Number of protein chains: 2
Amino acid sequence: MIKCAKCRQIDFVQKSGIVRGKQRYFCKACDYHFTLPEAVENRKNKPRHQVTIIDIANELGISKSTVSRALRGHTDIHEGTRKMILDLAQQLEYQPNPLANALLKSRTNIVGILVPEFRHYFFPTVIMGAQEILSKAGYNVMICQSDESYDTEVANVKALMNSRVDGLLVSVTTQTNNVDHFRTVLRKEVPLVFFNRVCPELDTPQVIVDDYAGAFQAVEHLVQQGYRRIAHLAGPVSLLVSRLRMKGYLDALQKHGLPVDNELIIHYDLTEEKARIYANYLLSLPQPPDAIFAINDPTAIEIMLVAKSRGVKIPQELGIVGFSNDPISAIIEPPLTTVEQPVWEMGRQAARILLEQMENPRIETYQLPTRLVVRGSSVNC
Amino acid sequence: MIKCAKCRQIDFVQKSGIVRGKQRYFCKACDYHFTLPEAVENRKNKPRHQVTIIDIANELGISKSTVSRALRGHTDIHEGTRKMILDLAQQLEYQPNPLANALLKSRTNIVGILVPEFRHYFFPTVIMGAQEILSKAGYNVMICQSDESYDTEVANVKALMNSRVDGLLVSVTTQTNNVDHFRTVLRKEVPLVFFNRVCPELDTPQVIVDDYAGAFQAVEHLVQQGYRRIAHLAGPVSLLVSRLRMKGYLDALQKHGLPVDNELIIHYDLTEEKARIYANYLLSLPQPPDAIFAINDPTAIEIMLVAKSRGVKIPQELGIVGFSNDPISAIIEPPLTTVEQPVWEMGRQAARILLEQMENPRIETYQLPTRLVVRGSSVNC
DNA sequence: CTGTTAGCGCATTCAA
DNA sequence: TTGAATGCGCTAACAG
């Protein structure tokens, strides 16, 4: 089945020895010597050769289009032919090559997920939720983590775009102030959904929880427990989630007539070391707080460890509330009061919206509920 | 630049109206009406059109081969031409389409990582280590988690193979007894490296830690602390890691002349619920153990919680040692004695070996060291 | 109902 | 030094 490279006839071609490792051919019709393109040659003796529709077509003596149609389940096919094809495909363990399809359709069936870290409970869980929905819908997932570095985030977005992902699920870093890299994504019309750490300045869907209400309840709870000098170890101002929780904190204080002391409000970059430093700072103030509302559970736990190491009694001398309901918070001693958010569901929801976005784009912010879980770290009895 | 679909001439073709949304063309030479393939038509007016070498070639009035060569950095190119091409490419923000390349070379530059779960510290950390190495080497990573389900694992392997990953990093589920799906991978000559939960029966590299020594030290430590009736809440027999840690446990008992009591050895499936059930079971034996060596930290922590809930004092009435040095173990009360393993490094190592495997396959088992970290949960003072 | 043809974007081979 | 032709595997349009 080898055509002459010159006269295109097939009946006169024969092998004519091997030169520098390459099989050479000779056409008796036009007296022409030639070698086959490497790919074709490889095709013949590669052990890991994947079965293609051409193999099936050749085997059956029909055209590859017919095979394609049968495999794709088109209706206008002779029943016998279809059966032949399907049987052989099964027997040969035929697997369509998604690369070819991707090239043809410019669709990879891959969704990129970009998160700042996955050391803690939160992001891995969101990812699992997203994966649940996405894999049901036939998508594979490519996960990147930016390690809270803006540069890495930019590089990751570039890499994912370069891999031609069909959509992007993103939670930004604490350092992300410039969002041009996401503008590029939108310009190329690649569906993009933010979750948790969102970019409200971009016209694309966002999935968040009711951070304001959660924070408000948390602080109100502290007030009701009798705490009066409540500090807030907050996230960086760049993140909407920080600002919303901050607002909940402030409004709760205000509602209950408590003064806002700026000394007790600290924005930080969510790293462990800084959490420890600021916790120590707060506890060594001349007038230390009697309670701290932390932006999230890892922060709350760092505070707790610092407090313990300083001999500060929880909850008697210091009430602590976190955010997220990380499983650790139930385990630690004393168990941590925290604001539960539907983490798994957030992943599912973000994925659903991304899928929807691929069909008919709509820009909306989706908000999931939060719920206060009261535990020992804040019950001042 | 449109050729007639019949006579292949280009000079006589003109548009002839739009029918059902499709542009139709008309050849004045051969009097033939036709439409262009969808792809070509799309190409003309797609907003998200990516720049290709053809665009560059057309713009410059040269052939795409030349452009390709210039971009690929071949030497046999006129310096002026090269510069022209490179400049225009930069200006147009040309990005080579990896899909085309993948199709051509049968290489995707994607590595699949398959883990049983990522709820806990261990697997996410390994993944981060692997990613560090792989992305440096120009690979993207596709992560799947099987949720400890054999069927999901098989499906995931299939999906990853179907995506034509260039290599696979795997840790199997507790249920994986049949490894035919991995045999398929090897048969197709896709590099495969196991880590942590490995498949020694397969001829492919494995990365593990010195589980035996770690377990031995852990149990010996318990003996030295004066514990005499040491139980072992072990992993499923199907996992090599369970068997090795079990052996370490048994040998340590034997070395110190302690009897092996089968009642005190329990294999389980690593689920939280079962951990709790068996912990309760052990503690309610007529002759309960005075110490428990747990297969891993999550298990140890479940045991600790159960013990606390039953009012059993740790470490006075019950010594506990885990395995992995999960960050939680330092935080929990009392802090957990555990066997540290270089988790991050395990990911890096597995990735390195996978890369090496792509060059020159070699079958070896790589073992990383472990180290006992003594904390409060086992110091019987 | 089926075969032919074209093209997705690229690298490569051969001919000039 | 360059261009034309080929094929990676597949689908879709079109012509019988």
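Lettering follows sequence order; numbering is per chain, from 1. All values derive from a computational prediction rather than experimental measurement.
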Length of the line joining [X]:[atom1] and [N]:[atom2], which is rounded to integer Å:
X	N	atom1	atom2	value
L104(B)	dT12(C)	CG	P	7 Å
I54(A)	dC10(D)	CD1	P	8 Å
D76(B)	dT12(C)	CG	C1'	12 Å
L60(B)	dT2(D)	CG	C1'	13 Å
N58(B)	dG9(C)	CG	P	12 Å
I53(B)	dA11(C)	CD1	P	6 Å
H74(B)	dT1(D)	NE2	C1'	13 Å
D55(B)	dG9(C)	CG	C1'	10 Å

Under 3.5 Å, is there a donor-acceptor pair between the side chain of S68(B) and the main chain of K64(B)?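 It does not hold such a pair.
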Given K83(A), Q91(A), Q90(A), the one that forms side-chain hydrogen bond (donor to acceptor under 3.5 Å, both in side chains) with D87(A):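 Single side-chain hydrogen bond (donor to acceptor under 3.5 Å, both in side chains) partner of D87(A) among K83(A), Q91(A), Q90(A): K83(A).
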What verdict does the salt bridge (charged side-chain N to carboxylate O under 4.0 Å, His left out) test give for R352(A) and E356(A), after you've listed the backbone C-alpha separation in whole Å, the side-chain angles of each residue and the deciding distance to 0.1 Å? CA-CA 6 Å; R352(A) 277 193 223 104; E356(A) 195 189 309; over 6 Å; no
So, is S65(B) near the phosphate of dG3(D), with a side-chain N or O under 4.0 Å from OP1 or OP2? no
Both T75(A) and L99(B) contact DNA chain C. Which one's nearest nucleotide lies toward the 5' end?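 Result of the comparison: T75(A).
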Run the ring-ring contact (aromatic ring centres under 6.0 Å, His included) test against F194(B) and tell me which residues pass, sequence neighbours left out. F182(B)
Does R164(B) get its side chain close enough to the base of dG9(D), under 3.5 Å, for a donor-acceptor pair?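 There is none.
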